[in-house]
> 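Below is one structure. I have some questions about it.
Lettering of chains follows the sequences in order, A, B, ..., and the numbering in each one begins at 1. All heavy atoms count here, side chains included; hydrogens, waters and symmetry mates do not.
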Amino acid sequence: MVAAVIGVIRSRNLFVVVMLGGIYSFLMATVMVALDAVDVAMTEAAVGAGMSTVLLLAVLGLVKTREAPLRHSPFIPLLVCFLTGAALIYGTLSLPPFGRQDTPTNQHVAPYYIKNSVKETGSPNIVTAVLASYRGYDTLGETTVIFTGGIGVLILLSTSRRRRLKQSSDEDSST
Amino acid sequence: MSLILASINYWVTIILMIGGLYIVVAHGNMVKKLVGLSIFQTSVYLLFLSPGKILGGTAPIISEKFEVYSNPLPHVLILTAIVVGVATIALGMALVVRINEAYGTIEDDEVHEMEQD
């Protein structure tokens with residue numbers, strides 16, 4: 001995964017960048033299977049690696065596919081990133097260790113769902129039970145966000161098409 | 001050694017996060033910025049999912065054969081985040097297409113220069 005990210009940073013060909021992004025998403029999906037998040041891994045493989053790669057390729061059909069060389073020296077961004085990384089790594093020193101059951105994150109709400117979700121919703125898959133039943137309103141909000149995003153994309157692309165039609169009709173009337 | 005094993009998941013997350021951040025900050029090409037943004041986003045998924053993993057546990061689907069399950073709550077949150085993330089990326093790409101139509105380029109610096117002229 002780290003190799004894929006470094007490839008994305010170094011490559012100037014945008015096709016290579018987009019395909020490496022897809023590979024990165026697939027690797028992330030396999031890591032998610034290893035972390036027991038099978039539902040998330042499925043979504044990431046379908047949506048992250050599939051859909052966004054296809055969408056990005058569609059955009060690449062419309063724009064130039066080579067990146068211009070960097071004009072500024074990359075020193076300041078590197079410094080900023082290094083400082084951020086150092087601060088974050090300092091922050092991880094007090095986080096709970098990996099893979100333990102007695103950490104606060106695994107002690108509070110999750111045991112309730114694991115114990116009661118079959119009784120209360122009848123779904124053996126706890127993730128589905130929480131998503132559709134306990135947090136149904138959350139999922140409704142999520143679909144609202146997607147709806148808004150879709151409308152935004154449609155508005156942005158339709159205004160440009162209308163302008164182009166208008167331009168061509170203007171040219172027709174002037175000639 | 002035990003410290004490394006205990007927090008390796010956070011460090012991998014941070015390396016990926018910094019890679020994404022560097023792409024967004026240092027590169028001027030907008031498609032590349034979007035890829036960097038999605039890399040950053042995916043690293044946040046990892047940050048949420050990895051503390052919910054319990055060693056020796058299994059995926060949170062109730063069965064009589066298993067006793068220990070990983071934490072299902074981060075999975076639900078991240079499912080929502082993935083789908084919302086795709087919506088934002090799609091919106092960003094629509095903006096890129098519009099900028100390309102208006103300026104004929106998707107490089108940050110060139111758009112900035114045209115604005116100043």
> Within the supplied structure, the quantity of interest is the number of heavy atoms (other residues, nucleotides, ligands) at a distance under 6.0 Å from Tyr69(B) OH; does it exceed 12?
yes
> Would a single hydrophobic cluster contain both Ile8(B) and Met32(A), if residues Ile, Leu, Val, Met, Phe, Trp and Tyr are joined by side-chain heavy-atom contacts under 4.5 Å?
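Yes; Ile8(B) is reachable from Met32(A) via cluster members.
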> Measure Leu14(A) against the heavy atoms of chain B and call it side chain, backbone, both or neither at under 4.5 Å.
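Contact with chain B involves the side chain of Leu14(A) alone.
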> Tell me, side chain or backbone of Ile106(B) under 4.5 Å from chain A's heavy atoms, or both, or neither?
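For Ile106(B), the contact with chain A is made by the side chain alone.
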> Among the options His27(B), Lys32(B), Glu107(B), pick out the one with the most heavy-atom pairs lying under 4.5 Å from chain A.
Lys32(B)
> Looking only at heavy atoms, what is the nearest atom pair of Leu56(A) and Met93(B), with distance?
CD2-SD, 3.4 Å
> Please classify the contact of Leu21(B) with chain A as side chain, backbone, both or neither, using a heavy-atom distance under 4.5 Å.
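Looking at Leu21(B), backbone and side chain both touch chain A.
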> Side chain to side chain contact (heavy atoms under 4.5 Å, CB included) between Tyr45(B) and Glu44(A): does it pass, once the steps are laid out?
CA-CA 10 Å; Tyr45(B) 305 159; Glu44(A) 171 73 16; 3.7 Å; yes
> Is Ile18(B) in contact with chain A via its backbone, its side chain, both, or neither, using a 4.5 Å heavy-atom distance?
both
> Between Ile76(A) and chain B, with a heavy-atom cut-off of 4.5 Å, which part of the residue counts as in contact: side chain, backbone, both or neither?
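Neither part, no heavy atoms under 4.5 Å.
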> I need the residue from Ile89(A), Thr148(A), Val145(A) with the largest number of non-hydrogen atom pairs under 4.5 Å to chain B.
Ile89(A)
> Quick one: are Ile61(B) and Ile126(A) in side-chain contact, heavy atoms under 4.5 Å?
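Counting from C-beta outward, Ile61(B) and Ile126(A) never come under 4.5 Å.
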> Tell me which of these, Val33(A), Val59(A), Leu20(A), has more heavy-atom pairs under 4.5 Å with chain B than the rest.
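Of the candidates given, the most pairs with chain B belong to Val59(A).
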> I'd like to verify something: which residue of Val35(B), Val86(B), Thr80(B) has the highest number of heavy-atom pairs under 4.5 Å with chain A?
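So the answer, after comparing Val35(B), Val86(B), Thr80(B), is Thr80(B).
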> Any chain of hydrophobic side-chain contacts (each under 4.5 Å) joining Leu154(A) to Leu95(B)?
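No, Leu154(A) and Leu95(B) fall in different hydrophobic clusters.
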> Tell me whether Val16(A) shares a hydrophobic cluster with Ile39(B), the cluster being built from Ile, Leu, Val, Met, Phe, Trp, Tyr side chains joined at under 4.5 Å.
yes
> Measure distances from Val80(A) to the heavy atoms of chain B and classify the residue's part below 4.5 Å as side chain, backbone, both or neither.
neither
> Looking only at heavy atoms, what is the nearest atom pair of Val76(B) and Val127(A), with distance?
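Here Val76(B) and Val127(A) meet closest at CG2-O, 3.8 Å.
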> Leu34(B), Leu77(B), Leu46(B), Ile15(B): which one forms the most heavy-atom pairs within less than 4.5 Å of chain A?
Leu46(B)
> Quick one: of Thr42(B), Thr13(B), Val31(B), Ile23(B), who has the most non-hydrogen atom pairs under 4.5 Å with chain A?
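Ranked by heavy-atom pairs under 4.5 Å with chain A, first place is Thr42(B).
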> Any heavy-atom pair between the side chains of Ile89(B) and Leu55(A) that's under 4.5 Å?
no
> Look up atom CD1 in Ile14(B) and atom SG in Cys81(A), then write down how far apart they are to the nearest 0.5 Å.
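Between Ile14(B) CD1 and Cys81(A) SG, I get 13.0 Å after rounding to 0.5 Å.
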> Heavy-atom distances under 4.5 Å only: say whether Leu91(B) touches chain A with side chain, backbone, both or neither.
both
> Which heavy atom of Leu88(A) sits nearest to which heavy atom of Met17(B), and what is that distance?
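Shortest heavy-atom separation between Leu88(A) and Met17(B) comes out as CD1-SD, 3.8 Å.
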> Mind listing the closest non-hydrogen atom pair of Pro77(A) and Val25(B) along with its distance?
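Distance-wise, the nearest heavy atoms are CB-CG1, 3.7 Å.
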> Would Trp11(B) and Leu27(A) show up in the same hydrophobic cluster when neighbours are defined by side-chain heavy atoms closer than 4.5 Å?
yes
> Can you give me the closest heavy-atom contact between Ala87(B) and Ile146(A), atom names plus distance?
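What the structure gives for the nearest pair is CB-CA, 4.2 Å.
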> If you count heavy-atom pairs under 4.5 Å between each of Glu101(B), Glu110(B), Arg98(B) and chain A, which one has the most?
Arg98(B)
> In terms of hydrophobic clusters joined by side-chain contacts under 4.5 Å, are Leu47(B) and Leu79(B) together?
yes
> Do other residues, nucleotides or ligands put more than 12 heavy atoms under 6.0 Å from the CG atom of Leu57(A)?
yes
> Please rank Ser50(B), Ala102(B), Gly36(B), Ala81(B) by heavy-atom pairs under 4.5 Å with chain A and give me the top one.
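The option with the most such pairs is Ser50(B).
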> Short question: side chain of Asn100(B), backbone of Leu62(A) - any donor-acceptor pair under 3.5 Å?
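Checking the backbone N and O of Leu62(A) against the side chain of Asn100(B), a donor-acceptor pair under 3.5 Å is found.
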> Below 4.5 Å from any heavy atom of chain B, which atoms of Ala34(A) appear? Answer side chain, backbone, both or neither.
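Only the backbone of Ala34(A) comes within 4.5 Å of chain B.
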> Measure across Val38(A) and Ala59(B) and return the closest heavy-atom pair with its distance rounded to 0.1 Å.
CG2-CB, 3.9 Å
> Is Ile78(B) close to Thr43(A) at the side-chain level, that is, under 4.5 Å between some pair of heavy atoms?
no
> Find the one option among Leu131(A), Val63(A), Val130(A) whose heavy-atom pairs under 4.5 Å with chain B are most numerous.
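Maximum pair count with chain B is reached by Val63(A).
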